[in-house]
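Okay, so here's the structure we're looking at.
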Amino acid sequence: MASLLELKEIFRNADAVCFDVDSTVIREEGIDELAKFCGVGDAVAEMTRRAMGGTVTFKAALTARLGLIRPSYEQVQKLISDNPPQLTPGIRELVSRLQQRGVQVFLVSGGFQSIVEHVALQLNIPTANVFANRLKFYFNGEYAGFDETQPTAESGGKGKVITHLKEQFHFEKVVMIGDGATDMEACPPADCFIGFGGNVIRKQVKEKAKWYITHFDELLKELEER
């Protein structure tokens, strides 16, 4: 097992950094915001808590939550325009600094492609670097389920994305940063996991992560060390 010093060295020399999005890059949980917008906020927030704690499989929780929300195409678009995701303080500067150093930045999320792509545009991250779940709609815009073939639709999916990135781009050092159990379990194949508690603290992640931060400034300082 790598020591904290070794993890910091991996981060400073990373080829790629993968960020979770909900409660990491943005302050809110996208699916909870969508649920509130569609009038089923409380029931879905409880399901999210259980999913993030690692007590139910991600796909089972996602299926159940979306079955309650049943968002239409119009509702998703209206949510993005009326209540755009709020970036976490420090993330814009951190992503920019990583990109200046030639590090590839990816968003790997159990959230929804349309919302995550909106976030990517704000951070100058190419939409090709977004891995997220795709909602499906009927021709009339009604909810028709989600694309279950996406790796991010199930537990262990973020690790599959990282394995794919390593194979495709021959990255040697990949870092995963996130607040939840699904982020922590992506290491390995990620070479370093950094737990993030700036928006919400997940007890299991805080206790088990060797490197745990509460503000992105801590990572900016690490980059200045070199």
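Within the model, atoms CG of L165 and CZ of F171 stand 6.0 Å from one another, a figure rounded to the nearest 0.5 Å. With rounding to the nearest 0.5 angstrom, the CZ atom of F146 is 6.5 Å from the CG atom of L66. Distance CD/E224 to CG/L219: 11.5 Å, rounded to 0.5 Å. Rounded to the nearest 0.5 Å, atoms CZ (R92) and CD (Q122) are 6.0 Å apart. Residue L123 holds its CG atom at 8.0 Å from CD of Q99, rounded to the nearest 0.5 Å. In this structure, the separation between CD1 on I115 and CG on L79 is 5.0 Å, given to the nearest 0.5 Å.
Taken together through direct or relayed side-chain contacts under 4.5 Å among Ile, Leu, Val, Met, Phe, Trp and Tyr, Y138 and F112 form parts of separate hydrophobic clusters. Neither L87 nor L121 shares a network with the other; the hydrophobic side chains, linked directly or stepwise wherever heavy atoms of I, L, V, M, F, W or Y lie under 4.5 Å apart, form separate groups for each.
Residues V130 and V21 have side chains not in contact (no heavy-atom distance under 4.5 Å, counting atoms from C-beta outward). Residues E33 and N83 fail the side-chain proximity criterion, which asks for heavy atoms closer than 4.5 Å. Residues W211 and E222 have side chains in contact (heavy-atom distance under 4.5 Å, counting atoms from C-beta outward). Using a 4.5 Å heavy-atom threshold, the side chains of C18 and V174 count as touching. Counting heavy atoms from C-beta outward, F37 and K78 have side chains that approach closer than 4.5 Å. Taking 4.5 Å as the limit, every side-chain heavy atom of C38 sits out of range of all side-chain heavy atoms of R70. With contacts defined as side-chain heavy-atom distances shorter than 4.5 Å, the pair I80/S114 qualifies. A 4.5 Å side-chain heavy-atom check between V76 and F137 finds at least one atom pair inside the cut-off.
In this structure, Y73 places its OH atom where only 12 or fewer heavy-atom neighbours from other residues, nucleotides or ligands lie under 6.0 Å away. Within a 6.0 Å sphere centred on CD of E74, other residues, nucleotides and ligands contribute 12 heavy atoms or fewer.
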Show, in sequence, the C-alpha distance, side-chain angles and deciding distance for I177 and F216, and conclude whether the side chain to side chain contact (heavy atoms under 4.5 Å, CB included) test is met. CA-CA 10 Å; I177 301 173; F216 288 125; 4.3 Å; yes
Starting from the C-alpha separation in whole Å, work towards a yes-or-no answer on side chain to side chain contact (heavy atoms under 4.5 Å, CB included) for R65 and L34. CA-CA 10 Å; R65 290 180 291 178; L34 186 57; over 6 Å; no
Working note: K166 + D191, criterion side chain to side chain contact (heavy atoms under 4.5 Å, CB included); need CA distance, chi angles, decisive distance, verdict. CA-CA 11 Å; K166 283 187 158 188; D191 303 279; 3.0 Å; yes
Side chain to side chain contact (heavy atoms under 4.5 Å, CB included) between L107 and N129, worked out: CA-CA 6 Å; L107 299 181; N129 288 17; over 6 Å; no
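Across all their heavy atoms, Q86 and E28 have their closest contact at N-OE2, 3.0 Å. Counting all heavy atoms, side chain and backbone alike, F19 lies closest to V95 at CE1-CG2, 4.2 Å. Smallest separation of non-hydrogen atoms from P84 and H118: CB-NE2, 3.9 Å. The two atoms that bring D20 and G178 nearest to each other are CB-CA, 3.8 Å, heavy atoms only. What you find for I26 and V119 is that their closest heavy atoms are CG2-CG2, 3.7 Å. The shortest heavy-atom contact between A153 and D147 is CB-O, 4.1 Å.
Between M176 and the options V17, I194, I162, a side chain to side chain contact (heavy atoms under 4.5 Å, CB included) holds for only I162.
Ring-plane geometry between F169 and F106 is classed as tilted, the angle between the planes lying from 30 to 60 degrees on a 0 to 90 degree scale.
For the residue pair T152 / N133, a side-chain donor-acceptor distance below 3.5 Å is found, with atom types taken as modelled.
Using a distance-only test at 3.5 Å, with no hydrogens or angles considered, a donor-acceptor pair links the side chain of D15 to the main chain of K173.
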